Amino acid sequence: MSEERSLNFLEEIIEQDIAAGTHNGRVHTRFPPEPNGYLHIGHATSICLNFGLAKKYNGKCNLRFDDTNPTTEETEYVENIKNDIKWLGFQWDNEFYASDYFDKLYEFATLLISKGLAYVDDSTAEEIAATKGSTTTPGTNSPYRSRTIEENLHLFTEMRAGKYKDGEKTLRAKVDMAHPNLLLRDPLMYRIKHEHHHRTGNKWCIYPMYDFAHGQSDSIEEITHSICTLEFIHHRPLYNWFIEQLGIFPSRQYEFARRNLTYTVMSKRKLLQLVNEKHVTGWDDPRMPTISGMRRRGYPPEALRTFSDTIGIAKRENIVDIGMLEFCVREQLNKKANRVMAVLDPVRLIVTNYPEGVTEVFHAENNPEDQSAGTREVPFSRELWIEREDFMEEAPKKFFRLAPGNKVRLKNAYIVTCDGCVKDESGTITEIHCTYLPESKSGNDTSGLTVKGTIHWVSIQHAKTAEVRLYDRLFRVEDPSNEDGDFKDYINPDSVQTLPSVFIEPAMAKTMPGQSVQFMRKGYFCADTDSTPDRLIFNRTVTLKDAWAKEQKRN
RNA sequence: AGUUUGAUAGUGUAACGGUAGCACCCCAGACUCUGACUCUGUUAGUCUAGGUUCGAAUCCUAGUCAAACUACCA
């Protein structure tokens with residue numbers, strides 16, 4: 001029995017609308033990315049919101065590319081965005097492009113000119129900025145503001161026909177140059193750009209501005225609830241003004257606070273910089289907060305969805321602890337990922353009373369959380385690799401691993417007693433010796449002993465190797481954008497550590513790219529997209545919680 | 001400075017005039033063939049000052065702080 005969750009403010013609005021019979025209770029949202037970059041975790045929240053709301057209220061959600069600026073937009077981005085949305089687990093009802101509406105938008109503009117509500121302005125960008133006024137002073141009217149309707153219609157036709165150069169003329173809405181909201185001081189509707197568009201080619205040389213495209217696109221699609229982030233709140237009066245003056249379907253805009261995450265940056269500009277300046281290997285670098293980066297890192301889509309649900313939605317400034325995301329990732333992977341043994345920092349363990357040349361095969365359960373995951377074969381022999389940190393010559397009381405005289409369980413195998421170690425001239429430990437108890441065999445233990453510690457291992461003779469990349473946070477500080485100086489000064493120099501040759505158990509040889517596993521006691525790892533059976537590569541998705549590490553930190 | 005938003009444990013989010021709750025984190029313990037998972041318990045909060053009211057996180061007034069806006073980007 002799950003308790004009824006309280007509604008977020010958007011759900012409240014929608015339920016009120018449904019109760020009031022607005023649009024006959026129909027709910028239709030849209031996700032409107034600009035195809036000029038890759039989607040990141042912030043977009044994921046918006047995707048979950050828009051698609052989630054549509055699903056919850058039996059409505060629809062469109063995917064609409066906001067492609068009104070040919071300078072920055074590319075088809076490559078379109079494909080990646082679609083891929084990311086699908087991977088997150090959502091399917092749009094319609095795939096649209098703002099550029100689909102260029103003809104309609106042109107008609108709308110002509111209509112506004114005819115109503116005396118728009119005019120062609122010859123002012124330069126500088127002149128427009130100069131006459132805009134400020135927050136405390138009103139702007140002044142453009143000298144071209146009083147052109148006749150006929151003249152405006154004629155000039156606008158010429159603009160479209162390509163008679164003018166970039167920036168020579170613009171189409172502006174005639175609203176109010178003294179309006180306290182700067183956005184309503186005769187905003188630009190169209191600008192001239194003699195550029196090739198990724199979909200309309202060279203058909204147009206004038207392109208609508210965001211404000212003259214977004215609301216009308218919503219309206220054309222009869223979007224009922226147009227959900228966007230807080231910075232568009234100032235645009236809402238303009239959004240409504242165009243819809244009202246045009247007399248078209250009254251879509252309504254609602255704003256929520258974008259989600260920020262600790263230890264990362266989210267702006268497209270900054271992410272692009274990280275890519276271009278090679279601080280990361282690409283948009284899908286596992287350290288990036290992009291959806292493609294998180295996918296490559298091994299974050300499951302379910303985790304991103306539950307994260308989005310868990311953090312909720314509101315209108316206040318926020319910065320969510322990345323630990324919350326990592327919790328959702330672990331929660332999901334704990335249920336799904338098979339357990340395997342891998343030794344990252346090896347040291348040799350010799351079971352001195354185990355016969356030489358003998359191999360014993362154990363059947364290990366793949367996932368204690370999921371019996372249906374089955375078992376796998378794990379070979380055991382006299383010489384094993386174990387984790388260097390699992391042995392201490394002089395151990396504190398609370399150390400439950402190998403130390404002279406201590407007993408531990410070798411996971412899935414036997415209980416062993418540590419007898420000591422061998423060192424080289426420099427004092428480095430080269431071998432650890434132990435003796436095993438034959439009657440403590442896993443699954444058939446008659447020894448009656450219980451031990452405090454269990455460690456993982458890999459048989460030296462049977463071990464395979466893999467490259468392992470240990471990822472950490474990309475930045476050293478919680479909010480790099482909010483620190484003095486350049487955000488790049490705060491990049492974590494140790495955000496990735498590559499271990500070229502880690503020992504893994506043979507059952508892992510067939511791990512497929514994208515597959516997640518748990519390296520027991522070490523963390524969740526995901527086979528990289530570049531991983532092949534001949535050259536296995538694993539990315540650390542997230543560590544396991546480590547109470548022992550915490551304990552040590554305290555001392 | 002103007003406009004607009006907003007302010008609840010460390011973080012995120014509820015409570016819609018009637019017991020300030022949930023999740024993450026932290027801490028203590030139980031369990032454990034992963035020091036994982038799971039389970040139990042605990043710490044900790046209404047920006048400030050007035051007012052209305054039997055009763056205020058919630059309503060009113062004033063203040064404080066924060067963010068966004070001031071692109072021929074979206």
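These numbers come from a predicted model, not from an experiment. Just so it is clear: chains get the letters A, B, ... in the order the sequence lines come, proteins before strands, and each one is counted from 1.
Between A:K163 and A:E168 there is no salt bridge, since no side-chain N of the basic residue sits under 4.0 Å from a carboxylate O of the acidic one. Using a 4.0 Å cut-off between charged side-chain N and carboxylate O, A:K397 and A:E551 make no salt bridge. Using a cutoff of 4.0 Å between basic side-chain nitrogens and carboxylate oxygens, A:D121 and A:R172 are scored as salt-bridged. Taking the charged nitrogens against the carboxylate oxygens, A:K132 and A:E127 have no contact shorter than 4.0 Å, which rules out a salt bridge. A salt bridge is absent between A:R252 and A:D218: the closest approach of a Lys/Arg side-chain nitrogen to an acidic carboxylate oxygen does not fall below 4.0 angstrom.
Residue contacts shown for A:F212 are absent, as no nucleic acid heavy atom lies under 4.0 Å away. At the heavy-atom level, A:N412 lies under 4.0 Å from base atoms of the strands shown. Within 4.0 Å (heavy atoms only), A:F327 reaches sugar-phosphate atoms of the nucleic acid but no base atom. Counting non-hydrogen atoms under 4.0 angstrom, A:S123 reaches a base of the nucleic acid. At a threshold of 4.0 angstrom between heavy atoms, the contacts of A:G523 with the nucleic acid are absent. Counting any heavy atom pair closer than 4.0 Å across all strands shown, A:E326 reaches no nucleic acid atom. Here A:T450 lies out of heavy-atom contact (under 4.0 Å) with every strand. Among the heavy atoms of the strands lying under 4.0 Å from A:A125 is at least one base atom, whether or not backbone atoms are also near. Residue A:P368 is classed as a base contact, given a heavy-atom separation below 4.0 Å to a base. Within the 4.0 angstrom heavy-atom criterion, only backbone atoms of the sugar-phosphate kind lie near A:I319; the bases stay farther away. A:K193 comes within 4.0 angstrom of the backbone, heavy atoms only, and of no base. Across all strands, A:H235 comes closer than 4.0 Å to base atoms (heavy-atom distances).
Distance A:K545 NZ to B:C26 C1': 10 Å, rounded to the nearest Å. In this entry the distance linking NZ of A:K407 with P of B:C33 reads 16 Å, nearest Å. Straight-line distance from the CZ atom of A:F232 to the C1' atom of B:A71: 13 Å, rounded to whole Å. Residue A:N318 contributes atom CG, which lies 13 Å from atom C1' of B:U5 at whole-angstrom precision. Here B:G2 presents its C1' atom at 11 Å from NE2 of A:H234, a figure rounded to the nearest Å.
Counting only heavy atoms from C-beta outward, the side chains of A:L333 and A:T541 approach each other to under 4.5 Å.
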| Would A:F65 and A:F96 satisfy side-chain contact (heavy atoms from CB on, under 4.5 Å), going step by step from the backbone distance to the final call? | CA-CA 6 Å; A:F65 290 97; A:F96 291 137; over 6 Å; no

| task | Quick one: do A:I227 and A:Q253 satisfy side-chain contact (heavy atoms from CB on, under 4.5 Å)? Show the steps, please. | result | CA-CA 6 Å; A:I227 298 161; A:Q253 173 182 302; over 6 Å; no

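Here the side chain of A:R316 is nearest to one of B:C73, B:U34, B:U8, namely B:U8. With B:C25, B:A68, B:U34 as the candidates, the nucleotide lying closest to the side chain of A:E231 is B:A68. With distances taken from any side-chain atom of A:F400 to the nucleotides B:U70, B:A14, B:G35, the minimum falls on B:G35. Listed candidates were B:U70, B:A67, B:C73. Nearest to the side chain of A:E317 is B:A67. Distance from the side chain of A:T310 is smallest to B:A23 among B:U34, B:A14, B:A23.
Distance noted for atom C1' between B:U11 and B:C26: 12 Å (whole Å).
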| message | Only Watson-Crick and G-U wobble pairs with both distances less than 3.5 Å should count. Give RNA chain B in dot-bracket notation, marking inter-strand partners with |. | response | .((((((..((((....[..))))..((((.......)))).....(((((..]....))))))))))).....

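Checking side-chain atoms of A:N367 against main-chain N and O of A:K335 turns up a donor-acceptor pair under 3.5 Å.
A cation-pi contact links A:K169 to A:Y164, judged by a cut-off of 6.0 Å to the six-membered ring centre and 45° from its axis. At least one test fails for A:R330 against the ring of A:Y524: distance under 6.0 Å to the centre or angle within 45° of the axis. In this structure, A:R199 is positioned above the aromatic face of A:Y97, its NZ or CZ under 6.0 Å from the six-membered ring centre and within 45° of the axis.
Using a 4.0 Å cutoff on non-hydrogen atoms, the parts of residues 337-344 of chain A near RNA chain B are A:R339, ordered by number. Against RNA chain B, the stretch residues 160-184 of chain A makes heavy-atom approaches under 4.0 Å through A:G167, A:T170.
Under the stacking definition used here (centres under 5.5 Å, planes under 30°), the residue A:Y210 fails to qualify as stacked on the base of B:A74.
Ring pair A:F519/A:F525 is parallel by interplanar angle, where below 30° counts as parallel and above 60° as perpendicular.
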